[in-house]
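Below, chains carry the letters A, B, ... as their sequence lines are ordered, and counting in each starts from 1. Basis for what follows: all heavy atoms, side chains included, without hydrogens, waters or symmetry-related copies.
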Number of protein chains: 2
Amino acid sequence: MPTARTIARKKKVAGPRKSAAPAPPDAEQRILDAARRVFIRRGTAGARMQEIADEAGVNQALLHYYYRSKARLAERVFLEAAGRLFAAVVPALTADAPLEELIEQFVHRYIDEVRNSPFIPGYVLAELHHHPERVPALLARATGSEPSRMARAALDGLRGRIAARVKAGTMRPVTPEQFFITLVGSVVFPFAARPILTAFLGMDDAAFDRFLDQRRLELPAFILSALRP
Amino acid sequence: MPTARTIARKKKVAGPRKSAAPAPPDAEQRILDAARRVFIRRGTAGARMQEIADEAGVNQALLHYYYRSKARLAERVFLEAAGRLFAAVVPALTADAPLEELIEQFVHRYIDEVRNSPFIPGYVLAELHHHPERVPALLARATGSEPSRMARAALDGLRGRIAARVKAGTMRPVTPEQFFITLVGSVVFPFAARPILTAFLGMDDAAFDRFLDQRRLELPAFILSALRP
DNA sequence: GTCTATATTGTGATAGAC
DNA sequence: GTCTATCACAATATAGAC
């Protein structure tokens with residue numbers, strides 16, 4: 001993509017709202033919303049600026065006026081989406097609560113958060129697969145300034161709890177990393193693999209929604225059962 | 001992409017091999033191998049015919065001579081990769097063996113099969129996310145002529161075993177669909193999310209390999225433990 | 001079969017009017 | 001801020017020599 005260039009620009013000051021009705025978003029916002037939909041659907045490489053412009057109801061030039069280049073727009077959408085995903089995962093795992101509660105909280109919070117925008121996990125995983133070079137920046141952004149401090153904190157917290165329980169004889173011995181990935185995978189995978197799973201199991205959108213309701217209840221019990229001594 | 005066109009072409013007859021050394025693959029094969037690598041790395045939309053030509057050590061025109069269009073080449077690579085993935089999953093789940101054995105076999109076969117080409121799950125999931133319209137064709141191809149007959153067979157088999165065990169009091173009640181997705185997700189997710197997981201957990205390639213060795217052993221025990229009454 | 005050269009279209013980006 | 005018109009180049013695909 002061509003060279004970057006600086007565009008001076010001032011933010012509009014938001015005037016006071018008179019009505020309670022949802023205001024029609026201005027062009028800048030409509031573009032960002034459209035970009036989100038298109039990038040999530042097509043990926044960074046497959047997305048077309050023209051398609052975003054069409055969905056936003058503006059012309060291509062305006063996309064560049066506000067966001068300067070496809071690469072910048074894509075970066076912004078990706079970091080936002082991936083950030084939200086992490087924000088839903090990491091805090092639940094570092095919470096200072098008994099392991100049973102932590103697992104249930106994590107499953108509930110993740111499913112509740114993601115079911116509103118169920119294609120984000122698939123989009124983020126696809127982007128990370130095709131652009132693994134983005135991972136360090138993402139981790140730095142999502143877990144605070146220190147790259148993997150939070151990861152280590154979460155893992156160490158998990159490790160400590162598991163070790164204590166195992167020693168007390170109230171838990172089967174499991175490797176924290178293995179357990180962590182099984183736990184996260186169990187909530188992420190149904191979203192990430194949604195197209196193939198729903199087709200394979202013959203689910204429509206409503207059925208997938210019921211599946212998620214059921215999973216919210218059943219998965220914590222399944223995981224906890226696996227941990228019984 | 002432009003209109004298709006017919007190219008008459010004859011297959012080379014493979015002459016008898018004199019030496020045991022691996023023969024240098026001919027251009028047609030080198031192109032397909034290169035295409036596999038590039039499509040898996042960049043995805044269908046992100047891949048460039050020029051990059052494939054470079055990796056194959058030929059020029060772009062030859063790609064079209066053998067495979068006619070990018071779309072056809074992409075389709076071929078995708079169906080092959082996805083087919084292999086299914087071939088590793090479905091038969092292990094329809095095998096006529098006790099549930100314990102079935103679970104262990106499935107985990108072992110999947111990890112053993114996929115660790116040789118560990119980026120295929122990420123590639124296939126990404127493609128399915130961006131091109132869900134490919135799903136029906138894939139299922140038809142992967143599970144035989146009748147679209148979801150095999151899926152239903154696998155699920156029904158699982159359902160029957162689970163029901164029998166639950167009735168006999170030797171298993172906690174679980175929903176077959178939930179169990180199936182947890183099981184598959186637990187083996188697929190580590191591969192599909194590899195870039196972010198390895199960075200998050202600070203693993204290099206060797207550590208990821210050790211992680212897989214350990215998972216082979218620990219995951220079946222974890223799953224079976226979850227099923228205890 | 002394989003190459004070089006080229007046609008053709010797609011796509012991101014910019015200039016400049018309003 | 002938003003538009004139309006256009007540029008520049010990237011990317012797929014084809015023609016035709018060897």
Asker: Below 4.5 Å, heavy atoms only, C-beta onward: do A:I181 and B:R215 meet side chain to side chain?
Answerer: yes
Asker: Please classify the nucleic acid contact of A:A56 as base, sugar-phosphate, or nothing, using heavy-atom distances under 4.0 Å.
Answerer: nothing
Asker: I want to confirm an ordering. Mapping A:A61 and A:R48 to their closest nucleotides on DNA chain C, which one lands closer to the 5' end?
Answerer: A:R48
Asker: Atom CZ in B:R36, atom CD in B:E80: separation rounded to 0.5 Å?
Answerer: 4.5 Å
Asker: Can you tell me the distance, in whole Å, between the CD atom of A:E75 and the C1' atom of C:dG12?
Answerer: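 Between C1' of C:dG12 and CD of A:E75: 17 Å.
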Asker: Side chain of B:H64: nearest nucleotide among C:dG1, D:dT14, D:dT2?
Answerer: D:dT14
Asker: B:A47 near the nucleic acid: base, sugar-phosphate alone, or nothing, with a heavy-atom cut-off under 4.0 Å?
Answerer: sugar-phosphate
Asker: Could you tell me how far apart B:Q50 (CD) and C:dA5 (C1') are, to the nearest whole angstrom?
Answerer: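 It works out to 14 Å between those atoms.
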Asker: When you measure from the side-chain N and O atoms of A:Y65 to the phosphate of D:dT2, is any distance below 4.0 Å, counting only OP1 and OP2?
Answerer: no
Asker: Return the value, rounded to whole Å, for the distance between atom CD of B:Q60 and atom C1' of D:dA11.
Answerer: 7 Å
Asker: Is it true that A:E218 and B:Q178 share a donor-acceptor pair across their side chains at a distance under 3.5 Å?
Answerer: no
Asker: Take the protein atom CD of B:E28 and the nucleotide atom P of C:dC3, then report the distance between them rounded to whole Å.
Answerer: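 The distance from CD of B:E28 to P of C:dC3 comes to 14 Å, rounded to the nearest Å.
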Asker: Taking atom P of C:dG12 as reference, at what distance in whole Å does atom CD of A:E51 sit?
Answerer: 11 Å
Asker: Once rounded to the nearest 0.5 Å, what's the spacing between atom CD1 of A:I52 and atom CZ of A:F39?
Answerer: 4.0 Å
Asker: Whole Å only: how far is the CZ atom of B:R72 from the C1' atom of D:dT12?
Answerer: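 From B:R72 CZ to D:dT12 C1': 15 Å.
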Asker: Tell me the interatomic distance from B:Y67, atom OH, to C:dT2, atom P, rounded to whole angstroms.
Answerer: 11 Å
Asker: Do B:R30 and B:D33 meet the salt-bridge criterion of a basic N to acidic O distance under 4.0 Å?
Answerer: no
Asker: Measuring from the side chain of B:V58 (C-beta onward, heavy atoms only), which nucleotide among C:dC3, C:dT2, C:dA13 has the closest atom?
Answerer: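 The nucleotide sitting nearest to the side chain is C:dC3.
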Asker: Does a side-chain N or O from A:N59 land closer than 4.0 Å to OP1 or OP2 of D:dC3, or not?
Answerer: yes
Asker: Rounded off to whole Å, could you give me the CE-to-C1' distance for the A:M49 and C:dA13 pair?
Answerer: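 About 8 Å, once rounded to whole Å.
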Asker: As a test of reading the structure: which of D:dC3, D:dA13, C:dC3 is closest to the side chain of A:L62, going by heavy atoms?
Answerer: D:dC3
